[in-house]
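Computed from heavy atoms alone, side chains included, the values below leave out hydrogens, waters and symmetry copies. What you see is a predicted model; the values in this text were computed from it and never measured.
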Amino acid sequence: MCLPPPLPHPSTPPKAGSQGGKSKGSGKEGKEGQRRTGGGASALWKTGRCGWGGHGGQRRLPVGGGRGVGGEVDPARHSMSTRADVLVMTPWFAPIIWDGVFDSAILDAQFESTTIGLTVFAIKKYVVFLELFLQTAEKHFMVGHRVTYYVFTDRPANVPSVPLAEGRQVVVLEVRNYARWQDVSMHRMKTISNFSQERFLREVDYLVCVDVDMKFSDHVGVEILSPFFGTLHPGFYRAARNDFTYERRPRSQAYIPRDEGDFYYAGGFFGGSVVEVLQLTTACHQAMVVNQANGIEAVWHDESHLNRYLLYHKPTKVLSPEYLWDERMLQRPPFLRRLRYVAVPKNHAEIRH
Amino acid sequence: MNILSSQLCLRVVYVGYLNPRSQNVKLSRMVYRQPQVLTPSRKDVLIMTPWLAPIIWEGTFNMDILNEQFRLQNATIGLTVFSVKAYMIFLKQFLKSAEMYFMVGHRVNYYVFTDKPEYVPHLNVRNGRQIIILKIQSYARWQDISMHRMEMLSTFSRQRFQREVDYLVCADVDMRLSDHVGVEVLSSLFGTLHLGYYGLNRADFPYERRPQSQAHIPEDEGDFYYIGALFGGSVSEVSRLTEACHRAIMVDQANHIEAIWHDESHLNKYFLYHKPSKVLSPEYLWYQQQMSYVKDQNSTNFYMHNDVFSES
């Protein structure tokens, strides 16, 4: 299910720019993409292969002359590599998703018959966030694909009715609430784990698990989908690993030593294939149960456990802070070209108690 | 018999990519430099395709992480090579260098397709590795030998590779490895950039341009020009690729047309419409020439490491 099917015929814009013949190092292109051997090397190789059959006549020289590094790089293709300011791939080859690195047309075709489940918890007063959440999701989240919103709530009557596009539905799942917001947060793992087994496996291909006190403000699409992904927490993408707010007490199940850690992932946006999300949420839930038995609670609750899990099970994609931002708390840096999913202002004291 | 002074050298690069369909594994504690979100690993080259497939270049990955991921899966890799007629002379060096550099530490099956099994050199291989000789017929024309590889790979993928290995790496025999080629290349489907066409406009790629051929690609399409000498992936994906190419070659044959670069043309057509999940940079396949012809070129842009050029 997770392996994309073969692509249909892609339609790409006609190439602009001149044919070959340019000599080396055309201005700002510099070294990039200009390295190639002269025609001689290619021809020699091919001649060798023709060695027995006397096919020597067919010398293939790259068009545009044999000698120069030449030819303008195809602009359509090159425009996809414009991020020289950020890391676009982790050391274990997971793409880090930033604006400009992906082509939605190709990816949409690859994920054509995919169904995505979006889970969100609206417990107690948090139901008030649902309307804006769902409305903006309709505008920006996986548009053109089949989507099921799984709304977990203790107040099903308060779930607003929002007009939905075709192929999209809201499924309301009643759950219990907890007195402490930390418990509400942590029990998301258990709930997602249970429901993954009971129904998500049969109903959707991918799960996206997000916080509800947010809104979508720009495209969030299939570029995020992979076996399992985490999102860079907007407050820590610059920080050194020993400043990450990992759980630092060794007796906690979420413990991470100061000399370990790739990124600090946000608890409010993770996901993947149902199978992988099931594994992740089950592991986190079990770790929290052990902690509880030992009378300890991780410093950032489910987020701490998520970080521990993603350290030892490397995610297959990582979303940049474009996918989780808080405009009030953080000044927008220049490399953040789009804000796709942002915090909605709330009064913490009021909403949590 | 024209023995080339220029051979293709396979560079070894560490790159690993977890097969999306395999089980997620738990790594042990590892200490390494923290990845920096605001520091690109390479600024000079494209390290990821627009469909988010990694392009494997030196300096972009951590070999230890990748090795552990694949060891934990107990991955077995099949390396296929065709050693037919005169090309037998390359086999010994190919296998010896593979013993040194190919997927070291992992389980490997060398599948040697040959018309002369009795000439396959006897080689001691390390633990967890074995040479399997597969007898096939040869053809008069080298183009036919080249193109029938697709048929052989397709047949054997279904008949035995599926049961014996997790991944296949399909390489030309007139090559030797001069540096590590490891699990970094593994993914469901990978191709290798042809160093001669890297950076050129797609209209300049030597795709098959005649619409009558199954390998036809119009001038306004194409991502890269992939080299036929090195490709691979999971057994099921390689099976699909080779089957598709084989069929396309047969259709062309029935229509009395032969693609300009033979199996390589068909490979390129396949990769256009079935995007690979990893792409190997030209670092992986380079030329070693006695005369250093390549160094005559204007630029001193050998960001490729010099050891690739070492005579050894």
- In terms of heavy-atom proximity below 4.5 Å to chain B, should A/Pro321 be classed as side chain, backbone, both, or neither? neither

- What's the shortest heavy-atom distance between B/Lys85 and B/Ala140, and which atoms? NZ-O, 3.3 Å

- Message: If I measure from the heavy atoms of chain B, does A/Phe244 come under 4.5 Å with its side chain, its backbone, both, or neither?
- Response: side chain

- Task: Select one option (side chain, backbone, both, neither) describing which atoms of B/Thr39 are under 4.5 Å from chain A's heavy atoms.
- Result: backbone

- Query: In terms of heavy-atom proximity below 4.5 Å to chain B, should A/Tyr237 be classed as side chain, backbone, both, or neither?
  - Reply: both

- Message: Check for me whether B/Arg240 meets the cation-pi criterion with B/Tyr273, that is, NZ or CZ under 6.0 Å from the six-membered ring centre and within 45 degrees of the ring axis.
- Response: no

- Message: If I measure from the heavy atoms of chain B, does A/Leu232 come under 4.5 Å with its side chain, its backbone, both, or neither?
- Response: side chain

- Query: So, for B/Leu46 and B/Ile55, which heavy atoms are closest and what is the spacing to 0.1 Å?
  - Reply: O-CD1, 3.5 Å

- Go through the steps to decide whether A/Asp99 and A/Arg83 satisfy the test salt bridge (charged side-chain N to carboxylate O under 4.0 Å, His left out), and finish with yes or no. CA-CA 8 Å; A/Asp99 184 53; A/Arg83 301 311 298 256; 5.1 Å; no

- Message: Check this for me, if you would: do B/Glu258 and B/Arg141 make a salt bridge, where the nitrogen-to-carboxylate-oxygen distance has to be below 4.0 angstrom?
- Response: yes

- Message: Report which part of A/Ala240 has an atom under 4.5 Å of a heavy atom belonging to chain B: side chain, backbone, both, or neither.
- Response: both

- Structural part of B/Arg33 lying under 4.5 Å from a heavy atom of chain A: backbone

- Task: Apply the test side-chain hydrogen bond (donor to acceptor under 3.5 Å, both in side chains) to residues A/Tyr312 and A/Glu260: give CA-CA distance (whole Å), side-chain angles for both, the deciding distance (0.1 Å), then the verdict.
- Result: CA-CA 10 Å; A/Tyr312 297 119; A/Glu260 286 180 63; 2.7 Å; yes

- Using the benzene-type ring in the case of Trp, are the ring centres of B/Trp57 and B/Tyr198 under 6.0 Å apart? yes

- Task: Counting only heavy atoms closer than 4.5 Å, note whether B/Gln36 contacts chain A via side chain, backbone, both or neither.
- Result: backbone

- Segment of A/Leu280 engaging chain B (4.5 angstrom heavy-atom cut-off): neither

- Sort B/Ile47 into side chain, backbone, both or neither according to what part of it lies under 4.5 angstrom from a heavy atom of chain A. both

